[in-house]
Novice: 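For reference, the structure I am asking about is given below.
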Amino acid sequence: MKHTPTISAEFEDYLKQNEMTLSQFAEYSGVHQRTLSNWITQHRPVSVQQLDRITAAMDLPEGYFYDLYIENYIIDLSPNFRRIEPLLYRCAELDKLDAIRRMVGHIMDNPLYATRLFDVAEALFKQVRHAAALPLYENVAEVEKYQHSERLATCQYRIFTIQVGDDQSLNLKAATLFEPFVERLDEIDQLDALKDLANVFRSLRLWDRLDVTARKMRDKAEIQYTLEHQQKKRKPAEIEKRLSRPLFVYITYSDLLCASVYEAKGDYEQALEYTYAYANLDWVKETDEDTLHWIKQFQDWALCNTYVNKLLSGDISVLPDYVEYISVSSNTTKEMVTQLLNIMMAANRFQVDVDEILKQFETEIDSITQQQPSADMYTHQVVPEQSTRFKYELAKYYLNKGNYSYGFKYLLDVLSKSLVINKEAFFISCIKLFEQFKQFADFRLCTKYESLVREGRKERLFYY
């Protein structure tokens with residue numbers, strides 16, 4: 001039988017090696033001598049805070065004894081949440097995720113701990129310690145999987161939010177697993193959940209699922225907006241505080257999403273109908289600064305997207321106005337990516353020379369690949385996907401114009417990015433485009449291309 005070492009035994013060895021008394025160590029560490037004595041002679045567990053002081057006094061790294069502490073005082077003894085909770089927080093601070101999983105796995109035999117673990121997970125989530133919160137949510141969800149509770153739905157929402165990342169196949173899996181739990185959330189929380197789901201479906205270009213999700217969000221938001229203005233007992237500020245955006249935004253954002261669905265399907269007339277809908281916000285009753293900001297934002301988007309839908313339908317006459325709009329607007333990176341993508345799509349679709357436009361926005365184009373990660377699910381999901389599409393359209397444009405150095409540069413970049421985000425459609429489109437112009441690629445480009453194709457076949461992104 002394997003003997004498990006104890007922290008107290010290592011502590012005693014330390015005292016002997018350094019010829020220190022308990023009294024001397026107590027004075028040096030700030031831990032009472034009686035506490036140290038009881039720990040050694042009566043095996044009474046020290047607190048996590050006391051353990052941290054002991055560790056620091058022994059000149060050891062933070063958290064050095066945590067694994068042994070879990071073994072000695074959590075697994076070998078009856079679970080005591082007063083010891084477990086502070087250790088969970090400390091392990092989260094030090095990114096000791098394996099230690100968190102060991103503790104959580106051990107105590108989840110007792111379902112009574114689910115509530116307290118959920119509270120810790122929520123606290124960690126608010127601190128943006130998502131990796132540490134994830135195993136807590138997963139274990140609470142496992143314990144309560146047959147309960148059909150709001151807490152279970154909240155766990156699934158948090159898991160979904162944490163798991164969404166660069167890999168689009170994993171994002172689809174996360175969204176599919178979470179989707180059935182939306183209706184179990186609180187009615188107000190459902191709005192942000194549907195918004196986040198919609199942004200994932202938009203990045204995945206799953207237009208039918210996006211359409212259903214957006215309309216559902218609109219219906220629910222309209223009900224809540226009506227209730228807010230009909231029931232005097234209901235305090236709008238309390239609702240707004242729980243939402244990431246003002247309540248009316250969920251209605252207008254739904255129209256914007258529906259417009260994007262029809263735009264993607266090539267029905268630009270219907271897309272314009274929805275665009276005009278979120279441009280007209282006379283029905284909004286609030287007049288606070290945040291509301292006015294969002295109204296201006298949607299009206300600005302509507303003006304932009306009116307140009308876009310006309311442009312993509314073949315009305316090239318609006319291109320100068322669209323370019324002027326872009327040049328005078330205070331665009332964020334995510335807006336600039338989408339706007340330049342629209343220009344390139346129109347250029348390729350209708351054989352329009354946009355060399356001067358590309359030169360005009362050369363600085364912005366160079367910065368598109370430098371986006372920083374964002375906590376906002378739209379920025380985190382849609383912008384990288386739009387950036388990849390933009391570079392693909394650039395590649396197609398330059399290759400068709402005979403500018404092969406730029407064309408292959410962007411094309412191989414998209415091919416490589418498709419491996420990272422696990423985007424099969426991009427990968428296959430890049431292969432078709434490269435094969436079309438392969439005769440103009442030199443040996444170095446062909447070698448890199450073939451290497452990426454082999455990698456894609458290994459990742460099962462491509463078969464032939």
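We number each residue from 1, following the sequence as shown. What you see below is based on every heavy atom in this structure, not just the backbone, and it leaves out hydrogens, waters and symmetry mates.
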Novice: Donor-acceptor pairs under 3.5 Å, side chain of residues 127-135 to any protein atom, not counting sequence neighbours: which ones?
Specialist:
unit_1, atom_1, unit_2, atom_2, d
Q127, OE1, R129, NE, 3.2

Novice: Salt bridge or not between D219 and R215? Use side-chain N to carboxylate O under 4.0 Å.
Specialist: no
Novice: For E150, is there an ion pair with R184 - N to carboxylate O distance below 4.0 angstrom?
Specialist: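 Answer for the salt bridge query: no.
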Novice: Look at E85 together with R116 and state whether they make a salt bridge at an N to O cut-off of under 4.0 Å.
Specialist: yes
Novice: Less than 3.5 Å apart, any donor N or O on the side chain of Y66 or R90 sitting next to an acceptor on the other?
Specialist: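 Indeed, the side chains of Y66 and R90 share at least one donor-acceptor pair under 3.5 Å.
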Novice: When you check the gap from the basic side-chain N to the acidic O, do E183 and K220 get nearer than 4.0 Å?
Specialist: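 Salt bridge present between E183 and K220.
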Novice: Suppose we call two aromatic rings close when their centres sit under 6.0 Å apart. Are Y398 and Y404 close by that rule?
Specialist: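 No, the ring centres sit 6.0 Å or more apart.
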Novice: What I want to find out is whether D353 reaches K401 closely enough, with some N-O distance under 4.0 Å, to be called a salt bridge.
Specialist: yes
Novice: Would you confirm whether the ring centroid of Y253 sits within less than 6.0 angstrom of the ring centroid of W294?
Specialist: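 No: the rings miss the under 6.0 Å criterion.
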Novice: Assess whether salt bridge (charged side-chain N to carboxylate O under 4.0 Å, His left out) is satisfied between K296 and D300, documenting all intermediate values.
Specialist: CA-CA 6 Å; K296 184 180 182 304; D300 190 53; 5.5 Å; no
Novice: Is any side-chain N of the basic residue among E228 and K285 closer than 4.0 Å to the acidic one's carboxylate O?
Specialist: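 No, E228 and K285 are not salt-bridged.
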Novice: Of the non-hydrogen atoms in Y449 and K438, which two are nearest, and what is the gap between them?
Specialist: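 Shortest heavy-atom contact: CE2-NZ, 4.4 Å.
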Novice: Given the rule in the side-chain contact (heavy atoms from CB on, under 4.5 Å) test, do L394 and Y406 qualify, once you have shown the distances and angles that lead to the verdict?
Specialist: CA-CA 8 Å; L394 271 180; Y406 272 150; over 6 Å; no
Novice: Assess whether a salt bridge exists between K195 and D192, defined as any Lys/Arg side-chain N lying under 4.0 Å from an Asp/Glu carboxylate O.
Specialist: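 Looking at K195 and D192, the cut-off is met.
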Novice: Between D321 and K310, is there a salt bridge with N-O shorter than 4.0 Å?
Specialist: no
Novice: For residues Y322 and N342, is any side-chain donor paired with an opposing acceptor at under 3.5 Å?
Specialist: yes
Novice: Pair K359, E356 - check salt bridge (charged side-chain N to carboxylate O under 4.0 Å, His left out), show working.
Specialist: CA-CA 5 Å; K359 187 176 180 180; E356 288 302 313; 5.3 Å; no
Novice: For the residue pair W283 and Y225, does the interplanar ring angle fall in the parallel (under 30°), tilted (30 to 60°) or perpendicular (over 60°) class?
Specialist: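 The arrangement is perpendicular - the two ring planes meet at more than 60°.
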